[in-house]
Amino acid sequence: MSTDTSRDQTRKLFLLSAGYNGTTGKAYLKLLDPKRQEIVIWNDPTGHQPFCYSRESLENLKKDQRLTQAGAIGFLRESKFDLLEDRPIEVTKIVASDPLAVGGREGCIRELVDAWEADIPYHLNYMYDRGLVPGMPYSIKGNDLIPLVADRKQIDPLVEKLFAQEGLDERREIRNWLLLLEADQPEVKHVSLDIEVVSSVFTRVPSPGRAEDPVASVALRGSDELKKVLMLKRDLEDESLSGLPFDVQLYENEKDLLKDTFNIIERYPLLATFNGDDFDLPYLRNRAERLGVEKSWVPVLVGRQGASLKRGIHIDLYRLFFNKSLQIYAFNNAYRENTLEAVAQGVLGRGKVEIEKPIAQLSPRELANYNFGDAELVHSLLSYHNDLILRLLVVLCRISKLTIEDVCRQGVSGWIKNLLFYEHRARGYLIPRSEDILKVKDVTSTKAVIEGKKYRGAIVVKPIPGMHFNVTVLDFASLYPSALKEWNLSYETVRCPHMDCRGNTVPETTHWICTKRKGLESLVVGSLRDIRVTWYKPKSSDEQLPEETRTWYSVVQRALKVFLNASYGVFGAQIFPLYCPPVAESTA
């Protein structure tokens with residue numbers, strides 16, 4: 001890992017992750033240097049600070065001593081645009097000493113005043129304000145990160161040729177998306193890890209929190225052909241470990257085994273696991289602490305969202321494959337259960353090494369084979385089809401504006417939420433709270449036919465049983481995203497505040513749609529729908545293109561499909577922060 005950015009002026013660096021350093025009080029970015037295959041830590045040089053907004057006056061907030069005691073260090077007046085009211089408003093920006101002062105501890109600012117944008121994780125807030133897009137390549141110029149987008153000379157003619165029928169705003173949005181999606185992709189050196197723990201009680205699952213049982217072995221499989229098992233010597237009958245298709249290193253001391261494991265992890269910019277957030281990495285960290293391994297040796301950090309690394313990037317494939325939208329739309333329902341065995345069988349066509357005894361009763365050779373087999377499966381999942389999953393993750397980062405770790409840990413509604421929040425901030429819009437939307441738009445017109453729903457939903461025509469001939473199949477490309485685009489559906493445009501828009505009604509409902517403003521959801525989803533249907537999907541099946549190029553187009557169109565197929569449903573889900581029943585009802 002490198003923290004020296006003085007030499008980085010001409011380097012191409014890929015933004016993969018971000019966070020907040022409580023010691024320095026600064027945001028930081030993790031950037032991959034693909035030439036050196038190392039992570040560069042970029043500490044914020046701009047003095048950016050945590051904040052939230054209030055509609056209270058500057059004077060009233062300054063007088064409130066509770067805010068100062070909570071960590072407020074400044075108050076500024078700003079102009080924001082309120083989409084719900086369709087007008088500019090004045091708000092007070094409350095600047096805080098640290099993220100927890102805004103929200104996250106008792107007596108924080110958001111508990112003392114009505115606050116807006118106070119529940120956004122600070123590292124995301126930072127990237128919104130800097131206009132940074134995870135997954136993108138950047139160069140460094142002074143204190144600025146300059147995005148290395150695709151060549152405009154290639155993108156501009158493509159947009160004018162294929163999307164000439166679209167309006168100016170739509171073409172601009174499509175162009176911006178293509179500049180991001182067609183930018184260079186990183187090559188990332190990675191290592192996959194799996195651990196086996198010997199429990200003193202065969203029927204007891206080892207606890208990562210207590211980490212009482214010894215780590216019997218650690219298997220590591222690298223993209224640079226590293227194939228290794230680090231194994232603790234045990235009082236079992238000796239047998240030969242020669243002839244295995246990987247190296248085995250035996251240890252008398254468990255501390256040495258753990259230290260060597262950490263050493264290997266630190267040689268790679270990216271670490272992959274399967275359930276490493278909840279088991280492997282917390283266990284390694286807590287076991288190391290229990291055995292008295294020096295903290296400087298331990299690269300693992302464990303937080304509420306999962307396990308991360310001080311220097312590198314950690315992705316948990318268990319979390320990724322658990323994502324239902326990816327399971328259906330990206331992996332074509334190839335697996336039904338979210339176990340390593342089921343996922344590997346569905347995606348790779350092979351599964352785990354079979355064992356018939358508890359881990360503690362396996363011979364050294366059996367244990368090594370079993371342990372390495374799991375690490376090999378994780379590696380194969382990550383790298384099959386020319387690192388397809390890594391490339392898919394990078395595309396999802398660029399669309400959602402989330403870090404690669406956040407993409408793995410969040411569902412598609414979280415991706416869409418972050419994308420829309422990013423777009424609000426980029427355009428100077430105040431991000432509304434759920435109660436703001438529901439205050440004026442918690443209205444439906446139809447009667448639900450499914451218990452628990454607030455509106456009827458789509459019409460399902462009951463099929464007539466029997467044999468039918470001369471049948472024609474009609475498929476509407478991206479039906480719901482197309483409806484969002486063509487009808488200008490968004491939380492601010494459905495039941496807008498303008499009296500003269502009320503004649504523009506949605507059939508069979510009491511809702512009307514704005515005729516004065518293009519809806520944010522309509523614009524963003526519509527442009528993603530257009531580039532998928534018009535460009536990426538046809539290219540993914542174009543036999544005249546090389547297979548590698550078709551695979552790339554297939555990756556992007558799958559990622560877009562995941563977003564598009566969820567873009568309607570999120571507005572009908574009460575847990576979605578921009579939940580707006582009239583949008584979901586009007587779409588259906």
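Predicted, not measured: the structure shown is a model, and the values here were computed from it.
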Is F75 close to I94 at the side-chain level, that is, under 4.5 Å between some pair of heavy atoms? yes
In the structure I gave you, are the side-chain heavy atoms of V149 and M136 within less than 4.5 Å of one another anywhere? yes
Could you walk me through whether L402 and L124 satisfy the side chain to side chain contact (heavy atoms under 4.5 Å, CB included) test, starting with their C-alpha distance in whole Å, then the side-chain angles of each, then the deciding distance to 0.1 Å, before giving a yes or no? CA-CA 7 Å; L402 285 168; L124 297 178; 3.8 Å; yes
Strictly by salt bridge (charged side-chain N to carboxylate O under 4.0 Å, His left out), give each pair with a member in residues 326-335 just once, sequence neighbours left out. none
Heavy-atom distance under 4.5 Å between the side chains of L309 and I39, does that happen here? no
Taking only residues two or more places apart in sequence or in another chain, which ones pass side-chain hydrogen bond (donor to acceptor under 3.5 Å, both in side chains) with W116? D436
For K561 and Y329, the nearest pair of non-hydrogen atoms, with its separation, is CE-CD2, 3.7 Å
About how many Å separate OH of Y268 and OG of S223, when rounded to the nearest 0.5 Å? 6.5 Å
Give the intermediate values and the outcome of side chain to side chain contact (heavy atoms under 4.5 Å, CB included) for residues Y126 and L29. CA-CA 10 Å; Y126 177 74; L29 305 174; 4.0 Å; yes
Contact list for residues 289-304, test salt bridge (charged side-chain N to carboxylate O under 4.0 Å, His left out), sequence neighbours left out: K259-E294
With sequence neighbours excluded, what pairs up with H385 under the side-chain hydrogen bond (donor to acceptor under 3.5 Å, both in side chains) test? none
To the nearest 0.5 angstrom, please state how far the CG atom of D387 sits from the OG1 atom of T551. 12.0 Å
Just so I know, are the side chains of V191 and R221 near enough to count as touching, which here means a heavy-atom distance under 4.5 Å? no
Do side-chain atoms of H190 reach the backbone of A272 as a donor and acceptor pair under 3.5 angstrom? no
Short side-chain donor-acceptor distance under 3.5 Å, D98 and Y20: no
Donor-acceptor contact below 3.5 Å, side chain R285 vs main chain V300: yes
Quick one: does any side-chain atom of D144 pair with a main-chain N or O of I146 as donor and acceptor, under 3.5 Å? no
Under the side-chain hydrogen bond (donor to acceptor under 3.5 Å, both in side chains) test, residues paired with Y251 that sit two or more places apart: Q249, D260
Side chain to side chain contact (heavy atoms under 4.5 Å, CB included) between S325 and N565: does it pass, once the steps are laid out? CA-CA 8 Å; S325 295; N565 281 300; over 6 Å; no
Does some side-chain heavy atom of N286 sit less than 4.5 Å from a side-chain heavy atom of V302? no
Would you tabulate the side-chain donor-acceptor contacts of residues 412-421 under 3.5 Å, counting partners in other chains and residues two or more places apart, or write 'none'?
unit_1	atom_1	unit_2	atom_2	d
W415	NE1	V407	O	3.2
W415	NE1	Q410	O	3.2
N418	OD1	Y128	OH	2.5
N418	ND2	S400	O	2.9
N418	ND2	K401	O	3.1

Can you sort out the partners of E106 under side chain to side chain contact (heavy atoms under 4.5 Å, CB included), two or more places apart, ordered by chain and number? none
Tell me whether R287 contacts the main-chain N or O of A211 through its side chain, where contact means a donor paired with an acceptor under 3.5 Å. yes
Quick check for you: to the nearest 0.5 Å, what is the distance between S383 atom OG and I389 atom CD1? 9.0 Å
Under 4.5 Å between any side-chain heavy atoms of M127 and T403, yes or no? yes
Just to verify, what does F321 make a ring pair (Phe, Tyr, Trp, His ring centres under 6.0 Å) with, not counting sequence neighbours? F331, Y335
Determine whether L393 and L320 make a side-chain contact, defined as any pair of heavy atoms from C-beta on separated by less than 4.5 Å. yes
Using side-chain hydrogen bond (donor to acceptor under 3.5 Å, both in side chains) as the criterion, list what pairs up with Q37, not counting sequence neighbours. none
If only atom types and distance count, is the side chain of N21 paired as donor or acceptor with the main-chain N or O of T23 below 3.5 Å? yes
What class does the angle between the rings of F279 and Y283 fall in, given that below 30° is parallel, 30 to 60° is tilted and above 60° is perpendicular? tilted
Strictly by salt bridge (charged side-chain N to carboxylate O under 4.0 Å, His left out), give each pair with a member in residues 319-333 just once, sequence neighbours left out. D277-R319, D278-R319
Considering non-hydrogen atoms only, spot the tightest contact between C52 and A115 and give its length. SG-CB, 4.2 Å
Between D280 and T273: side-chain donor-acceptor atoms closer than 3.5 Å: no
If you count heavy atoms of other groups shown closer than 6.0 angstrom to CD of E111, is the number above 12? yes
Step-by-step side chain to side chain contact (heavy atoms under 4.5 Å, CB included) determination, L244 to N369: CA-CA 8 Å; L244 292 168; N369 260 318; 3.7 Å; yes
So, D316 side chain and N275 main chain: donor-acceptor pair closer than 3.5 Å or not? yes
Side chain proximity check, I315 to L382, heavy atoms < 4.5 angstrom: yes
Minimum heavy-atom distance R398-W177, with the two atoms named: O-CZ3, 3.9 Å
Point-to-point distance, once rounded to the nearest 0.5 Å, from CG of L31 to CH2 of W42: 8.5 Å
If you round to the nearest 0.5 Å, how far is CG of N371 from CG of L193? 8.5 Å
Please name the pair of heavy atoms, one in P245 and one in K227, separated by the smallest distance, quoted to 0.1 Å. O-CD, 3.6 Å
Might you point out which heavy atoms bring Y28 and I41 nearest each other, and give the distance in Å? CB-CG2, 4.3 Å
Return each pair, listed once, that meets salt bridge (charged side-chain N to carboxylate O under 4.0 Å, His left out) where at least one residue sits in residues 348-362; pairs must be two or more places apart or across chains. K352-D374, K357-E366
Check: I431 main-chain N/O paired with E117 side-chain donor or acceptor under 3.5 Å: yes
Shortest non-hydrogen contact between Q185 and V395, atoms and distance: NE2-CG2, 3.6 Å
Write out all pairs satisfying side-chain hydrogen bond (donor to acceptor under 3.5 Å, both in side chains) with one or both partners inside residues 205-215, taking only residues at least two apart or from two chains. R204-D213, R210-E212
Give, for atom CG of L301 and atom CZ of R311, the distance between the pair rounded to the nearest 0.5 Å. 9.5 Å
